[in-house]
Student: 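The structure follows.
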Amino acid sequence: MKSLKVIPLILFLVLTLFSCRSKNSSKISPLAENGVLDLREWNFAEDGIVKLDGEWKFQWMKLAVSRPDLGSKDAATHIVNIPGNWNQIPKLEGMNPLMAFGYGTYTLKIIPGQNQGRLMMHFQGAGTAASIYLDGKKIMGNGVVGPDANSSRPQYLPLYVSIGQPNKEMLLQVEISNFDHYKGGLWESLRMGTEVDLLNFRDNSSFSEMFLFGSIIIMALYHFGLYSLRRRDMTGLFFGAFCASICLRIFVTGERFLILKFPHLPWEFFNKLEYISFYLAVPFFIYYLDALYPHSLSAKLKRIFIGFNLVVSAIVVFTPASIYTHTLIPFQVCLIFVILWIFFVLVRLVRSGAEGSLMALGGVIALTAAAINDSLYSQAVINTGYYLPLGLFVFIFVQSYLLSFRFSQAFLYIERLSDNLLEVNKAYSRFVPLAFLKFLNKNDITEIGLGDQVQREMTILFSDIRSFTQLSEKMTPKDNFDFLNSYMRKMGPIIRKHGGFIDKYLGDGIMALFPSLPDQALDAAMEMLRELESLNQSRADRHYEPIQIGIGLHTGTLMLGTIGEEERMDGTVISDAVNLASRIEGLTKEFHANLLLSESTYRKLKNRRKYSFKKLGKVKVKGKSKSSEVYEVLG
């Protein structure tokens, strides 16, 4: 399968992004035990960044540093695992696990190694306001920590603070208050390392997220552009919307570039963006897959899942964080069912041999792994990090390739149709002259309708082979067709050469129209006679009888248009001038002349000196009440 050729490239990009995500330690990070983290065996310069994870001491409803007078002096001390949320701590006095509002202090004693160099600490976030103290001195914080909702203000910002070169035990304390989210506590790991390592960590994280954002937003704009050019195909619109929602999520999570740019905007606003970007991505994804593989998804299940996501999205928009944050777990449960459903559909498509379904399945597997990881990490079940943007990049890259392949195939199909249409138009032009279409202001045969007509002054040329009936009696039917086609093949180019076009063939006769000067019609008629002389010479060499033709010209106003009915129509010319031209051609037999023209044509010639004319007088043409002046062209 051609699409498999891009899999090595995808793997390369994934590995590159994982390597940029963080600097892995050569040793496993030590874990804190009973509120103490011993780093005497850890060399930051060689072993890298360490996560301050493990068992911390925790005091509920106690701000041990900033408000030591607040709360009970003998507040119970609990041993808790970090990262985690305090909803998981059993038997906290006065705490409702379903609405974990309150405050508390986390404490960790750090025993550093010797000659560790200048160190830095990284804090990613907590639920939902935090102040971090080192040996009783505040070094960083998010929002405002307070004992109630009025004095507390939530905020999420990644922080990097230098702590110098410690050579003694350090007491790290983190005060946290939460009166907005349904869960609170120290959600994410704190990190400690050399300044160089943590700054590199920050730069690599920023690079990987901006790389993801830039790549995905380009894909979004590209597919929006495809949709604007081909609106019948909705895959570009839904896929672009899916990419755009992911880009928004990247901007408000991780390094939180949007919050760093606008730190004074309300925390609630950014938190709603984080949730809504995640919730709306699912309907866009379902609509995209349904457009990519029509009729492959159950309409009933599609309505259920999309309806559920729209409901939780509406809850996010219209309710405060204390309410809408509860929708996360139901959404994650629903997401698992959506992923299983889509996985089943793609497996079925792979078995049926649907184009691109194998690659789509591979992308969904990457997306599923990242989504499960993020769900477990957000619930503090595992301690890995958020990798959904990375999984989405793999998925989006695969889907973008499939859509590009689909559009390229459509473009090739359109090219083939265009080439075929050109051939069809070319073929139709042999039956309906292009000049005919031009006078009717039509670009091609498909635009012609019954009753289309235009009035113009033109010169009509009629020509006819003399005594063709006697000639044809001496030939077989095949010889008749071969003779006529040979004759027409020589005369047709002459008419077109002088600016005319053949309106129709009348057995052995020709009716041609010259929309410009009558001189062009006269020049064409004279050249036809000269070509006839050459043809007769060739016939004489083969011992065939010579042939003679008569040509009549008349200039007048005529109606050019279509007649017939809806299922069968034809282009024709209707005018008294056409009848007169035909009658003048018939007079060539009576006057034993090769070329006659009407007085109208004679008077409108621009250059009469080019040929000699003989006035034959007024002749009454059959079917006409008035006599017409007729001229013979002598050469």
Side-chain angles (χ1 to χ4, degrees), residues 457-471 487-488 490-492 494-500 502-503 505-537 539-540 545-558 573 575-635:
E457 182 180 88
M458 297 185 184
T459 300
I460 305 106
L461 180 151
F462 269 94
S463 76
D464 186 56
I465 299 176
R466 303 274 179 82
S467 304
F468 178 72
T469 303
Q470 289 82 354
L471 284 172
Y487 168 76
M488 301 298 183
K490 293 181 179 295
M491 299 304 171
I494 295 173
I495 293 171
R496 290 189 292 274
K497 172 184 173 182
H498 293 280
I502 297 174
D503 178 66
Y505 293 104
L506 306 167
D508 61 312
I510 297 174
M511 175 183 169
L513 303 175
F514 292 82
S516 297
L517 298 175
D519 299 67
Q520 292 178 313
L522 181 55
D523 291 341
M526 295 301 293
E527 188 170 343
M528 289 171 67
L529 292 174
R530 291 193 294 271
E531 183 63 31
L532 181 65
E533 293 178 4
S534 176
L535 177 61
N536 280 332
Q537 182 61 47
R539 289 176 62 82
E545 296 180 28
I547 60 175
Q548 292 182 337
I549 64 172
I551 301 175
L553 302 177
H554 174 63
T555 303
T557 302
L558 49 82
V573 176
S575 172
D576 184 60
V578 175
N579 296 328
L580 182 56
S582 176
R583 300 293 188 267
I584 291 175
E585 184 277 322
L587 290 175
T588 58
K589 300 176 183 178
E590 297 183 19
F591 290 102
H592 302 287
N594 293 323
L595 174 57
L596 299 178
L597 52 86
S598 68
E599 182 178 11
S600 173
T601 302
Y602 176 79
R603 293 187 179 279
K604 292 181 180 180
L605 290 172
K606 299 296 183 182
N607 186 9
R608 297 196 193 107
R609 297 180 180 180
K610 188 173 181 178
Y611 302 104
S612 298
F613 301 93
K614 180 182 179 181
K615 186 175 182 181
L616 300 179
K618 292 186 177 182
V619 177
K620 188 174 182 180
V621 180
K622 182 180 178 181
K624 303 292 293 184
S625 59
K626 294 183 179 180
S627 299
S628 300
E629 201 76 60
V630 178
Y631 294 81
E632 180 183 3
V633 184
L634 301 177

Student: Using side-chain heavy atoms (C-beta onward) and a distance below 4.5 Å, is L597 in contact with V630?
Tutor: no
Student: Which pair of heavy atoms, one from A577 and one from G556, lies closest together, and at what distance?
Tutor: CB-CA, 4.0 Å
Student: Which residues pass the salt bridge (Lys or Arg N to Asp or Glu O under 4.0 Å) test with R603, sequence neighbours left out?
Tutor: E599
Student: When you compare the side chain of F514 with that of T555, does any pair of heavy atoms fall below 4.5 Å?
Tutor: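 Answer no - side chains too far apart.
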Student: So, the side chain of R539 versus the backbone of E545: is there a donor-acceptor pair under 3.5 Å, distance only?
Tutor: yes
Student: Hey, are the side chains of I547 and R466 touching, using non-hydrogen atoms and a 4.5 Å cut-off?
Tutor: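 The answer is no, as the side chains (C-beta and beyond) never meet within the 4.5 Å cut-off.
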Student: In Å, rounded to the nearest 0.5 Å, how long is the span from CG of N594 to CD of E533?
Tutor: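 With rounding to 0.5 Å, CG (N594) is 8.5 Å from CD (E533).
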Student: Are I460 and L553 close enough that some pair of their side-chain heavy atoms sits under 4.5 Å apart?
Tutor: no
Student: Minimum heavy-atom separation for F613 and R608, please, with both atom names.
Tutor: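 Minimum heavy-atom contact is CE1-O, 3.2 Å.
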Student: For P515 versus G499, what's the shortest heavy-atom pair and its separation?
Tutor: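 Where P515 meets G499 most closely, the heavy atoms are CD-O, 3.5 Å.
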Student: So T588 and I549, do their side chains get closer than 4.5 Å, heavy atoms only?
Tutor: no
Student: Please test E632 against K615 for salt bridge (charged side-chain N to carboxylate O under 4.0 Å, His left out), starting from the C-alpha separation and ending with a verdict.
Tutor: CA-CA 6 Å; E632 180 183 3; K615 186 175 182 181; over 6 Å; no
Student: Less than 3.5 Å apart, which donor and acceptor atoms pair up between the side chains of residues 516-523 and the rest of the protein, not counting sequence neighbours?
Tutor:
| from | atom 1 | to | atom 2 | distance (Å) |
| --- | --- | --- | --- | --- |
| D519 | OD1 | K606 | N | 2.9 |
| D519 | OD2 | K606 | N | 3.2 |
| D519 | OD2 | N607 | N | 3.0 |
| D523 | OD1 | K610 | NZ | 3.2 |
| D523 | OD1 | Y611 | OH | 2.8 |
| D523 | OD2 | K610 | NZ | 3.4 |

Student: Might you point out which heavy atoms bring S598 and I584 nearest each other, and give the distance in Å?
Tutor: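 Scanning both residues, the minimum pair turns out to be CB-CD1, 3.4 Å.
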Student: Kindly write out the residues that satisfy side-chain hydrogen bond (donor to acceptor under 3.5 Å, both in side chains) with S463, not counting sequence neighbours, or none if the list is empty.
Tutor: none
Student: So which heavy atom on H554 is nearest to which on S600, and how close?
Tutor: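 Result for this residue pair: CE1-CB, 3.8 Å.
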Student: Counting only heavy atoms not in K604, do more than 12 fall under 6.0 Å of its NZ?
Tutor: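 Atom NZ in K604 is packed in, count exceeds 12.
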Student: Do I465 and Y487 have side chains that approach each other closer than 4.5 Å (heavy atoms only, starting at C-beta)?
Tutor: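 Result yes, sub-4.5 Å side-chain heavy-atom pair found.
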Student: Once rounded to the nearest 0.5 Å, what's the spacing between atom CG of L461 and atom OG1 of T601?
Tutor: 10.0 Å
Student: I need the E585 CD to I510 CD1 distance, nearest 0.5 Å.
Tutor: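 Reported value, rounded in 0.5 Å steps: 11.0 Å.
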Student: Restricting to non-hydrogen atoms, name the atom on G492 and the atom on I502 that form the minimum distance, rounded to 0.1 Å.
Tutor: CA-CD1, 3.8 Å
Student: Is the shortest heavy-atom distance from the side chain of E531 to the side chain of L529 under 4.5 Å?
Tutor: no
Student: Taking C-beta and beyond as the side chain, do L616 and K614 meet within less than 4.5 Å on heavy atoms?
Tutor: yes
Student: Sort out for me which residue in L595, L596, I551 forms a side chain to side chain contact (heavy atoms under 4.5 Å, CB included) with V633.
Tutor: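 Only one of L595, L596, I551 forms a side chain to side chain contact (heavy atoms under 4.5 Å, CB included) with V633, namely L595.
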Student: Atom CG of D508 and atom CG of L471: how far apart are they, to the nearest 0.5 Å?
Tutor: 9.0 Å
Student: In Å, rounded to the nearest 0.5 Å, how long is the span from NE2 of H498 to CE of M528?
Tutor: 10.0 Å
